[in-house]
Amino acid sequence: MQLIYEEYYKTLGQNISFYRRRQKLTQLKLSEAAEISRNHLSRIENADCAVSLDVIFAIADALGVEPYKLFQNKE
């Protein structure tokens, strides 16, 4: 992961965690719905890895939100 994108990955991870918790989903339940491993989801939420668009779309779909919302800064 390139450092110039670090803030985007942090925002992405924070938003995934926000929407997941708002829906009272565990990491395991969300990861199963998005068809990724729980470890991968944890790393994404912690901005510890790069993530493909396919995975972002799968997570957004599993959360029932538009993908762009995962990149918006919360005010």
Exercise: identify the closest heavy-atom pair between [X] and [Y]:
{"X": "L41", "Y": "R20", "answer": "CD2-CD, 4.5 Å"}
{"X": "A60", "Y": "E66", "answer": "CB-C, 4.3 Å"}
{"X": "T11", "Y": "F71", "answer": "CG2-O, 3.6 Å"}
{"X": "A34", "Y": "A62", "answer": "N-CB, 4.1 Å"}

Original post:
Going hydrophobic residue to hydrophobic residue with side-chain gaps under 4.5 angstrom, can you get from Y68 over to Y9?
Top reply: no

Original post:
Can you get from L28 to I59 by hopping between Ile, Leu, Val, Met, Phe, Trp and Tyr side chains that sit under 4.5 Å apart?
Top reply: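 They do not share one cluster, since no chain of ILVMFWY contacts under 4.5 Å joins L28 to I59.
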
Original post:
Rounded to the nearest 0.5 Å, how far does CG of D48 lie from NE2 of H40?
Top reply: 10.0 Å

Original post:
To the nearest 0.5 Å, what is the distance between CD1 (I36) and CD (Q27)?
Top reply: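 If we round to the nearest 0.5 Å, I36:CD1 and Q27:CD are 9.5 Å apart.
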
**OP:** Report yes if some heavy atom in the side chain of K69 is under 4.5 Å from a heavy atom in the side chain of N15; otherwise report no.
**Re:** no

Original post:
Are L63 and L25 close enough that some pair of their side-chain heavy atoms sits under 4.5 Å apart?
Top reply: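 Result yes, sub-4.5 Å side-chain heavy-atom pair found.
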
Subject >> Test item: R38 side-chain N/O and S31 main-chain N/O as donor-acceptor pair under 3.5 Å >> reply: no

Subject >> Donor-acceptor pair, side chain of S17 and main chain of G13, under 3.5 angstrom >> reply: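 A pair under 3.5 Å: no.
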
**OP:** Any chance you could lay out the side-chain contact (heavy atoms from CB on, under 4.5 Å) test for L70 and Y19, step after step, and finish with the verdict?
**Re:** CA-CA 9 Å; L70 299 179; Y19 287 112; 3.8 Å; yes

**OP:** Please say whether more than 12 non-hydrogen atoms of neighbouring residues, nucleotides or ligands are located less than 6.0 Å from CD in Q23.
**Re:** yes

